[in-house]
Amino acid sequence: MSAHRRYQDVANALKDLIHETGLDVGDRLPPERQLAERLSVSRALVREALLMLEIDALVEVRKGSGTYLAKPPTKPVTQSQDDIGPFELLQARQLLESAIAAFAADMVTKNDIVRMRDALDLERKDIETGSADHSGDELFHRLIAEATQNSVLVDMVNELWRKRDQSPMWAKLHSRIFDVGYRRNWLEDHQRILAALRAKDPNAARTAMWQHLDHVRETLMDLSDVDDPAFDGFLFQAVKAPD
């Protein structure tokens, strides 16, 4: 039996709101901020609910304009029931991976550091060549878990990445992002994490990982904001999300 997802409640609340306000097909939905205030939930939850409704073809995103009703809403939720909201997933990763980074700082070996450095070299090369391959990024995070020498923690991190890679909502979120300049900022985050691990400083490693995944969340929220006039749907690039 699949777990209940909070964004499903918000999606159904949005459907009720559409009925109550009499929106017709082709009408623009209120901006996310207004929806969040009206429903007394976070913008991240509203973003996740709208992503699900977009996957269900209930709404459509228009270039630099916002979100529009594509067909009359129905209840209950019919698709994406087993998916995990991207920002819920990032929150889980932030809690788990920051603790793992702290533990890894105590357990890390010279060979672990060498492998992590190689992963960052791969990430840097992909950025410099404009490659859409983000395997160096993912490898770096997995290697930190492996440095704990705890197979249960490794399995937990691997499972979170598996959920992300198989998530339609994550793919839909990232299909909105056309400015990939953030990759250099995230590489700098990774370098700070590696420096803390090399220094075998658990507190610094925990903080660096926490801040990194906070940057990931903020970046994805900003760059996928369809209410922002700068958002340009015609410039989409189908690239795999690095984090």
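What you see is a predicted model; the values in this text were computed from it and never measured.
- Hydrophobic side-chain contacts under 4.5 Å tie Val154 to no other Ile, Leu, Val, Met, Phe, Trp or Tyr residue.
- Between atom OG of residue Ser151 and atom CE of residue Met156 there is a gap of 11.5 Å, rounded to the nearest 0.5 Å.
- Taking 4.5 Å as the limit, some side-chain heavy atom of Leu213 sits within range of a side-chain heavy atom of Glu97.
- Every residue two or more places apart in sequence or in another chain that forms a side chain to side chain donor-acceptor pair (under 3.5 Å) with Ser167 is listed here: Asp83.
- Side-chain contact, Thr109 with Asp112: a donor N or O sits under 3.5 Å from an acceptor N or O.
- With sequence neighbours excluded, no residue forms a side chain to side chain donor-acceptor pair (under 3.5 Å) with Glu128.
- Lys71 places no side-chain N or O within 3.5 Å of a backbone atom of Val59 that could act as its donor or acceptor partner.
- Residue pairs meeting the salt bridge (Lys or Arg N to Asp or Glu O under 4.0 Å) criterion with at least one partner in residues 19-29, sequence neighbours excluded, are Arg28-Asp227.
- Leu58 approaches Pro73 most closely through the heavy-atom pair CD1-CA, 3.3 Å.
- Partners of Lys163 according to the side chain to side chain contact (heavy atoms under 4.5 Å, CB included) rule, which considers only residues two or more places apart in sequence or in another chain, are Ile84, Glu159.
- Between the side chain of Arg62 and the main chain of Thr67, no donor-acceptor pair closer than 3.5 Å is present.
- Placement of Leu194 and Trp210 in two distinct hydrophobic clusters is found when ILVMFWY residues are connected by side-chain heavy-atom separations under 4.5 Å, directly or transitively.
- Taking the centre of each ring, His174 and His134 stay at or above the 6.0 Å mark.
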Check: How far apart are the C-alpha atoms of Leu160 and Val157, what are their side-chain angles, what is the distance that settles it, and do they pass the side chain to side chain contact (heavy atoms under 4.5 Å, CB included) test?
Finding: CA-CA 5 Å; Leu160 288 174; Val157 169; 5.6 Å; no
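- Arg117 is linked by a salt bridge (Lys or Arg N to Asp or Glu O under 4.0 Å) to nothing, counting only residues two or more places apart in sequence or in another chain.
- The closest side-chain heavy-atom distance from Leu187 to Tyr182 is not below 4.5 Å.
- Each of Arg5, Glu88, Arg6 was scored for a side-chain contact (heavy atoms from CB on, under 4.5 Å) with Leu45, with one residue passing: Arg6.
- Atom CD1 of Ile100 sits about 10.0 Å away from atom CZ of Arg93, to the nearest 0.5 Å.
- Between Arg217 and Asp214 there is a salt bridge, with a side-chain nitrogen of the basic residue lying less than 4.0 Å from a carboxylate oxygen of the acidic one.
- Taking every heavy atom of both residues into account, Leu53 and Ala11 meet most closely at CD2-CB, 4.1 Å.
- Applying the side chain to side chain donor-acceptor pair (under 3.5 Å) criterion to Arg43, with sequence neighbours excluded, gives Glu32, Asp225.
- Placement of Leu122 and Ile127 in two distinct hydrophobic clusters is found when ILVMFWY residues are connected by side-chain heavy-atom separations under 4.5 Å, directly or transitively.
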Check: Does the side chain to side chain contact (heavy atoms under 4.5 Å, CB included) test come out yes or no for Val61 and Glu54, once each step is laid out?
Finding: CA-CA 8 Å; Val61 170; Glu54 187 180 0; 3.6 Å; yes
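- Ion pairing between Glu123 and Lys125 fails under the 4.0 Å rule for side-chain N and carboxylate O.
- For the pair Arg33/Val46, no side-chain contact is recorded, criterion being any heavy-atom separation below 4.5 Å from C-beta on.
- Ser40 is linked by a side chain to side chain contact (heavy atoms under 4.5 Å, CB included) to nothing, counting only residues two or more places apart in sequence or in another chain.
- Atom CE of Met52 sits about 7.5 Å away from atom CE of Met169, to the nearest 0.5 Å.
- With sequence neighbours excluded, the residues that form a side chain to side chain contact (heavy atoms under 4.5 Å, CB included) with Thr207 are Gln211.
- Heavy-atom neighbours of Glu60 CD from other residues, nucleotides or ligands within 6.0 Å: above the threshold of 12.
- Between Tyr7 and Leu51, the closest side-chain pair of non-hydrogen atoms is not below 4.5 Å.
- Nearest heavy-atom pair across Ala101 and Ala205 is O-CB, 3.5 Å.
- Shown here is Arg124, whose CZ atom has more than 12 heavy atoms of other residues, nucleotides or ligands within 6.0 Å.
- With a 4.5 Å cut-off on side-chain heavy atoms, Pro86 and Leu220 do not count as touching.
- Ala13 and Leu39 get closest at one heavy-atom pair: CB-CD2, 4.0 Å.
- When every heavy atom of Gln149 is checked against every heavy atom of Met107, the shortest pair comes out as NE2-O, 3.2 Å.
- In this structure, the separation between CG on Asn185 and NE2 on His215 is 8.5 Å, given to the nearest 0.5 Å.
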Check: Are His212 and His141 close enough, and set up right, to give a side chain to side chain contact (heavy atoms under 4.5 Å, CB included), and what steps lead you there?
Finding: CA-CA 11 Å; His212 167 54; His141 283 267; 3.4 Å; yes
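- Residues Ile144 and Met209 are in side-chain contact: their nearest non-hydrogen atoms beyond the backbone lie under 4.5 Å apart.
- With rounding to the nearest 0.5 Å, the separation of CZ in Arg183 from OG1 in Thr219 is 13.5 Å.
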Notebook entry, point to check: Would Arg162 and Asp165 count as a salt bridge (Lys or Arg N to Asp or Glu O under 4.0 Å) if you check the C-alpha gap in whole Å, the side-chain angles of each, and the deciding distance to 0.1 Å?
Noted result: CA-CA 5 Å; Arg162 185 194 66 79; Asp165 291 341; over 6 Å; no
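- Every residue meeting the side chain to side chain contact (heavy atoms under 4.5 Å, CB included) condition with Asp201, not counting sequence neighbours, appears here in chain and number order: Ala199, Asn203, Ala204.
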Check: Going through the distances and angles, do Phe103 and Arg206 end up as a side chain to side chain contact (heavy atoms under 4.5 Å, CB included)?
Finding: CA-CA 9 Å; Phe103 185 35; Arg206 178 187 293 107; over 6 Å; no
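- Using a 4.0 Å cut-off between a side-chain N of Lys or Arg and a carboxylate O of Asp or Glu, Arg142 and Glu146 do not qualify as a salt bridge.
- Side-chain heavy atoms closer than 4.5 Å link hydrophobic residues (I, L, V, M, F, W, Y) into clusters, and following such links, even through other members, never connects Val25 to Leu14.
- Leu223 contributes atom CG, which lies 9.5 Å from atom CG of Leu173 (distance to the nearest 0.5 angstrom).
- Evaluation of the side chain to side chain donor-acceptor pair (under 3.5 Å) rule for Arg192 yields Asp189 as partners, not counting sequence neighbours.
- Residues passing the salt bridge (Lys or Arg N to Asp or Glu O under 4.0 Å) test with Arg38, sequence neighbours excluded: none.
- Heavy atoms only, all atoms of each residue included: Leu69 and Leu29 are closest at N-CD1, 3.6 Å.
- In this structure, the side chains of Phe140 and Ile193 come closer than 4.5 Å at one or more pairs of heavy atoms.
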